[in-house]
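In what follows, a structure is listed as structure tokens, so that the remarks can point back to it.
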There are 2 protein chains.
Amino acid sequence: MRNEGRRRWARGGTERTRAVLLEAAAEVFAERGYDGASVDEIARTAGVSVGSIYSRFGNKQALFRALMADFLERDVTLARDRLAGGLAEGLSGMDERLLETADSRHRTLLDAETWVSAMRSPELREALAEHDRETRGAAARMTGEERERTGQTSPTRQAPRTGDDEVATALMALYHGLLRQRRLDPDSVAPDLYGRLVLLLSRGLAAEADGGL
Amino acid sequence: MRNEGRRRWARGGTERTRAVLLEAAAEVFAERGYDGASVDEIARTAGVSVGSIYSRFGNKQALFRALMADFLERDVTLARDRLAGGLAEGLSGMDERLLETADSRHRTLLDAETWVSAMRSPELREALAEHDRETRGAAARMTGEERERTGQTSPTRQAPRTGDDEVATALMALYHGLLRQRRLDPDSVAPDLYGRLVLLLSRGLAAEADGGL
DNA sequence: GTCTATAACCGGATAGAC
DNA sequence: GTCTATCCGGTTATAGAC
């Protein structure tokens, strides 16, 4: 009757144990939410005992914080890689990533839980805001480069137009919004919609730079 | 030592009692989340006893569902009103509404809680999806009218362009995305950004209808 | 470091008086 | 319909053996 829980390979490596534990925590927190998740279930899922978790993380909240830190770090690395290739590859990459994320129940729920927790805790909120700023900064740089490359605007700033940072904000807002939409109702968001909308937006920007106001 | 809780005017009206109860539930569910909220605290906030809640709603889940139904119904009415006036008033109305919603802690948290709950329960999810479809439909109608009015496209459909429903999806995604962004970091979203981005988008659409591709 | 056992507490839900 | 009192199961966290 012992060790009914899944996974049981942790013998030895303290580093691996941590990873296994965080993975189990991700699963249970995602599925049940922070308050709905019990430390006991996390322990069972990881194949360890509650005692181990408490000796390692101290308490439930610290476990969740560790998980979230890990999650955000991984995410920012990923985003950076995708954006590195310029607009063309960037867009199809983002399309793919949007579908992938939206269609994964696990990712969806963990994202949502991260969000609500951040809304309730100033500390987590700041961590998430910082993460957003980094991503937005990367997007703004990409936008700027793209503009220079297509020669929409010479290096010297000339007219009161929509700033790179605002475009970046729009790109991210659109991304998150479509994510939300597709999670809620997958059929309502075509696989390439994000890319097409961004193109539309960039056409609007070109028009703004050329002619009227 | 009795009745320390706030509010105590329910005597008599069973209808008013319900409203008071739902308001208290909204407050506590928002602040603590579904699992974090205790029926006892809701009762105290409403100034009634737990027994009353159970006799009226049966259990905690049913109370939450009732709250959510109420919340969505109110919201759809509001959205309909705002969109009724066409693009011009519509936009500034949406700008206002975005700020209002994003800057209210209570609204923010309740929205978020609605969302995560919907992600975990097929029933709630369908209710929220239906609500979204209604709103999106209204936005699509508005988009179509606007297009006809500015004569971008004659009543006869002619070219493979971005459809009204896709534009509506974009409008809503942008809205929700900016909402998220402003909630997280108010300074990163200017008060009129939504309106300006929509204008940019519509310029892109015009370009699409005219010339290339 | 990890286990088992247990303490201490709190939550949802119900019973039954009024 | 609303109250008070109570049951019961589950939760976090700790103690102490190994």
Side-chain angles (χ1 to χ4, degrees), chain A residues 1-25 27-67 113 117 120-121, chain B residues 1-25 27-67 113 117 120-121:
Chain A
M1 262 302 217
R2 260 166 225 194
N3 295 331
E4 306 175 291
R6 291 171 269 161
R7 289 165 209 157
R8 184 68 175 186
W9 53 40
R11 283 281 164 262
T14 171
E15 201 51 40
R16 170 166 293 173
T17 305
R18 187 189 152 91
V20 171
L21 224 40
L22 285 184
E23 198 194 330
E27 199 170 315
V28 179
F29 278 132
E31 207 56 50
R32 315 259 187 222
Y34 178 79
D35 285 300
S38 77
V39 177
D40 189 76
E41 186 178 354
I42 295 173
R44 265 184 289 120
T45 303
V48 300
S49 69
V50 275
S52 290
I53 294 184
Y54 278 98
S55 85
R56 195 175 278 273
F57 291 97
N59 59 38
K60 186 182 176 181
Q61 221 182 30
L63 172 61
F64 184 76
R65 273 199 304 263
L67 170 65
E113 201 55 31
S117 300
R120 289 201 189 99
S121 146
Chain B
M1 260 300 217
R2 261 168 223 192
N3 294 332
E4 307 174 290
R6 290 171 270 162
R7 293 163 206 157
R8 185 68 177 186
W9 53 39
R11 283 282 164 262
T14 171
E15 202 52 41
R16 171 167 292 175
T17 306
R18 186 190 153 91
V20 171
L21 224 38
L22 284 184
E23 199 193 330
E27 200 169 315
V28 180
F29 278 132
E31 207 57 50
R32 313 257 188 225
Y34 178 78
D35 285 300
S38 77
V39 177
D40 189 76
E41 185 177 352
I42 296 173
R44 263 184 289 120
T45 303
V48 301
S49 69
V50 275
S52 291
I53 293 185
Y54 279 98
S55 84
R56 194 175 280 272
F57 290 96
N59 59 36
K60 188 181 175 181
Q61 222 182 29
L63 171 61
F64 184 76
R65 275 199 301 264
L67 170 65
E113 201 54 33
S117 300
R120 290 203 188 95
S121 146

Legend entry - Test ring pair (Phe, Tyr, Trp, His ring centres under 6.0 Å) applied to F57(B) - qualifying residues, sequence neighbours left out: none

Legend entry - Listed partners of D40(A) passing side chain to side chain donor-acceptor pair (under 3.5 Å), at least two apart: R44(A)

Inset, instruction - Using atom CZ of R16(B) as one end and atom C1' of dG1(D) as the other, report the distance to the nearest whole Å. - result: 17 Å

Legend entry - Under-4.0 Å side-chain N/O to phosphate OP1/OP2 contact, S52(B) with dC3(D): yes

Legend entry - Atom-to-atom span, CZ of R56(A) to C1' of dT2(C) - whole angstrom: 10 Å

Legend entry - Atom-pair distance (CD1 on I53(A); P on dT11(D)), nearest Å: 13 Å

Inset, instruction - May I ask you to say what A37(A) touches in the nucleic acid, namely base, sugar-phosphate or nothing, with a heavy-atom cut-off under 4.0 Å? - result: sugar-phosphate

Inset, instruction - Measure from the side-chain N and O atoms of S121(B) to the backbone N and O of S117(B), and report whether any donor-acceptor pair falls under 3.5 Å. - result: no

Inset, instruction - Quickly work out the L63(B) CG to dG11(C) P distance and round it to whole Å. - result: 16 Å

Inset, instruction - Using whole Å, report how far CG of D35(B) lies from P of dG9(D). - result: 20 Å

Inset, instruction - Round to a whole Å and report the spacing from CZ of R44(A) to P of dT12(D). - result: 11 Å

Inset, instruction - Using a heavy-atom cut-off of under 4.0 Å over every strand shown, decide if S55(B) touches base, sugar-phosphate, or nothing. - result: base

Legend entry - Under the salt bridge (Lys or Arg N to Asp or Glu O under 4.0 Å) test, residues paired with D35(A) that sit two or more places apart: none

Inset, instruction - Consider the side chain of S38(B), meaning its heavy atoms from C-beta on, and name the nucleotide among dT2(C), dT11(D), dG12(C) that approaches it most closely. - result: dG12(C)

Inset, instruction - Check the distance between dT6(C)'s P and D40(A)'s CG and give it to me in whole angstrom. - result: 16 Å

Inset, instruction - For nucleotides 13-18 of chain C, just jot down a letter per nucleotide in 5' to 3' order: B, S or -, based on protein non-hydrogen atoms under 4.0 Å. - result: BB----

Legend entry - Between dA13(D) (P) and F57(A) (CZ): distance, integer Å: 14 Å

Inset, instruction - Decide yes or no for V48(A) and V20(A): does some side-chain heavy atom of the first lie under 4.5 Å from some side-chain heavy atom of the second? - result: no

Legend entry - S55(A): side chain to side chain contact (heavy atoms under 4.5 Å, CB included) partners, not counting sequence neighbours: none

Inset, instruction - Report the residues that fulfil side chain to side chain contact (heavy atoms under 4.5 Å, CB included) with R65(A), sequence neighbours left out, ordered by chain and then residue number. - result: Q61(A), A62(A), E123(A), L124(A)

